[in-house]
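The next block holds one structure in the form of C-alpha cells; read it before the comments.
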Amino acid sequence: MNAWPTDSLPGRWQNVLTMETTHSPDLEPAFFDRPADTVARDLLGKTLVCLISGKRVALTVTETEAYLGPHDLACHAARGRTQRTEVMYAPAGTLYIYFVYGLHWMLNVVTGPEGYPAAVLIRAAGVISGHARLTRALAIDGKLNGRMAGRASGIWFESGKSPGRIIATPRIGVAYAGPRWSSRKLRFIGES
DNA sequence: GCAGTGATCATA
DNA sequence: ATGATCACTGCC
C-alpha cells in the first residue's frame, strides 16, 4: 500500500505512517467542503472517533441530517448570523455543537465554503441511537464547539465501509420550517 | 401525550 | 426584563 521506503524516513515520520496504517485514513476538511446533503450521505458508514480519557472510541455513523444553508428554513442560520450560529460560518470540518431543550448537546459538522452557514447533524452512530444519547455517550459538550474536527481536538472522522443502501426521509422535529422544508428528504440512514 | 430543563432570540 | 421556542428523550 505504502510504496515509500519507510525505514529510511526519520523517526517521527515513521510514527505518523504507523498511525495512519493502523486506522483508516482521516477525513480531511476538504471532505466537508461540499454541499451539506452530499456530505450527509457520504458520512454514512464513516467512522466517528472520539478520545474519552485518552481511549479511542470508534462508532459507525448510521444516521445524519443535512442543513443546507440560510435559505433552508429548518437551518439555524436561516434566522441570520447570531452568537450561536456564528460557528456555522466557520470553515468546513469545524464542529458545531449546541445545546437544546435544556438538556441535550447536538453534534454537527460545518460543511461548504467558509462564510456559508451549512452543517450536517450526526443523529446516530454505532449501536447508539438518538443524537442526544450519542453526545452523552461520547461525553461531548460545548467545550468542543468551534473546534476543527481532527486528532488535535480529540474528535474526528475516518473513512469506513459505505452502507449497502441509503434511506432518505424528512428531517425530525422541523415542522416549524413549513411544509416545503420539513418534508424535504434530508435525513439519511445507512443500512448494510 | 407531555414534563423537564436552560440557552437563545425577538420583543419591549 | 420577559416569554416563546426549541434539529429531544423517556416515561406515562
Side-chain angles (χ1 to χ4, degrees), chain A residues 31-46 48 50 52 57 59-113 115-149 153 155 157 163 166-191:
Chain A
F31 173 91
F32 299 97
D33 193 3
R34 296 178 294 157
D37 51 340
T38 305
V39 174
R41 297 178 79 101
D42 280 2
L43 223 33
L44 297 174
K46 299 289 190 291
L48 167 61
C50 192
I52 299 180
V57 177
L59 298 168
T60 301
V61 176
T62 54
E63 188 179 334
T64 58
E65 276 180 7
Y67 290 86
L68 303 183
H71 62 296
D72 175 358
L73 298 184
C75 182
H76 287 163
R79 286 181 289 285
R81 196 163 185 149
T82 65
Q83 192 177 355
R84 180 175 67 163
T85 60
E86 188 61 33
V87 169
M88 299 191 78
Y89 296 78
T94 298
L95 300 170
Y96 171 42
I97 303 175
Y98 69 91
F99 195 65
V100 271
Y101 295 113
L103 358 163
H104 307 304
W105 292 100
M106 298 292 120
L107 173 63
N108 300 249
V109 188
V110 172
T111 63
Y116 187 79
V120 171
L121 170 66
I122 312 296
R123 286 191 66 91
V127 296
I128 302 160
S129 121
H131 41 341
R133 297 189 51 179
L134 170 78
T135 52
R136 200 180 62 186
L138 295 184
I140 291 170
D141 63 26
K143 284 197 293 290
L144 288 170
N145 186 34
R147 295 289 303 274
M148 179 66 66
S153 298
I155 171 167
F157 295 87
I166 295 175
I167 297 171
T169 80
R171 295 173 290 187
I172 304 296
V174 295
Y176 63 84
R180 170 182 160 88
W181 289 105
S182 60
S183 67
R184 193 155 155 188
K185 295 183 173 177
L186 291 170
R187 173 184 178 222
F188 304 105
I189 304 166
E191 294 199 339

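Letters go in sequence order (proteins before strands), and every chain restarts at 1. All values derive from a computational prediction rather than experimental measurement.
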**Asked** Could you give the CZ-to-C1' distance, from A:Arg123 to C:dA7, as a whole number of Å?
**Response** 7 Å

**Prompt:** Under 4.0 Å between a side-chain N or O of A:Arg79 and OP1 or OP2 of B:dT8?
**Reply:** no

**Request:** Could you please name the option among B:dC9, C:dA7, C:dG10 that lies closest to any side-chain atom of A:Tyr96?
**Result:** C:dA7

**Asked** Does the base of C:dA7 carry an N or O that pairs as donor and acceptor with the side chain of A:His76 under 3.5 Å?
**Response** yes

**Message:** Can you measure A:Ile189 atom CD1 to C:dA7 atom P for me and round it to whole angstrom units?
**Reply:** 19 Å

**Asked** Base, sugar-phosphate, or nothing: which does A:Ala74 touch, judged by heavy atoms less than 4.0 Å apart?
**Response** base

**Message:** Angle between ring planes, A:Tyr98 versus A:His76, binned at 30° and 60°: parallel, tilted or perpendicular?
**Reply:** perpendicular

**Residue A:Gln83, side-chain heavy atoms: nucleotide from C:dT9, B:dC9, C:dA7 that is nearest** = B:dC9

**Message:** Looking at B:dA7 and A:Phe99: do their rings stack (centroid distance under 5.5 Å, interplanar angle under 30°)?
**Reply:** no

**Nearest atoms (heavy-atom pairs only) where A:Gly190 meets A:Pro163** = CA-CB, 3.8 Å

**Asked** Is there a side-chain polar atom (N or O) of A:Tyr176 under 4.0 Å from OP1 or OP2 of C:dA4?
**Response** no

**Item:** d(CG, A:Leu134; P, C:dA7) in whole Å
**Value:** 18 Å

**Request:** Could you check A:Arg34 against A:Asp42 for salt bridge (charged side-chain N to carboxylate O under 4.0 Å, His left out), going step by step and ending with a plain yes or no?
**Result:** CA-CA 10 Å; A:Arg34 296 178 294 157; A:Asp42 280 2; 2.8 Å; yes

**Asked** So, A:Arg171 side chain and A:Ala66 main chain: donor-acceptor pair closer than 3.5 Å or not?
**Response** yes

**Message:** Once hydrogens and angles are ignored, does a donor-acceptor distance under 3.5 Å link the base of C:dA7 to the side chain of A:Tyr98?
**Reply:** yes

**Message:** In this structure, how many angstroms lie between the C1' atom of B:dT8 and the CG atom of A:Asn145, rounded?
**Reply:** 13 Å

**Asked** Under 4.0 Å between a side-chain N or O of A:His131 and OP1 or OP2 of C:dC8?
**Response** yes

**Asked** A:Trp105 CH2 to C:dT9 C1': how many Å, rounded?
**Response** 17 Å

**Item:** Phosphate OP1/OP2 of B:dT8: any A:Thr82 side-chain N/O under 4.0 Å
**Value:** no

**Request:** Identify the nucleotide, in any strand shown, that forms a Watson-Crick or G-U wobble pair with C:dA7, with both distances under 3.5 Å; if there is none, say none.
**Result:** none

**Prompt:** Relative to each other, are the rings of A:His71 and A:Trp181 parallel, tilted or perpendicular (30° and 60° limits)?
**Reply:** perpendicular

**Atom-to-atom span, CZ of A:Arg84 to C1' of B:dG6 - whole angstrom** = 12 Å

**Asked** In whole Å, what is the span from the CG atom of A:Leu103 to the C1' atom of C:dC6?
**Response** 11 Å

**Asked** Atom CE of A:Met106 and atom C1' of C:dT5: how far apart are they, to the nearest Å?
**Response** 15 Å

**Opposite nucleotide pairing with B:dT5, Watson-Crick or G-U, both atom distances under 3.5 Å** = none

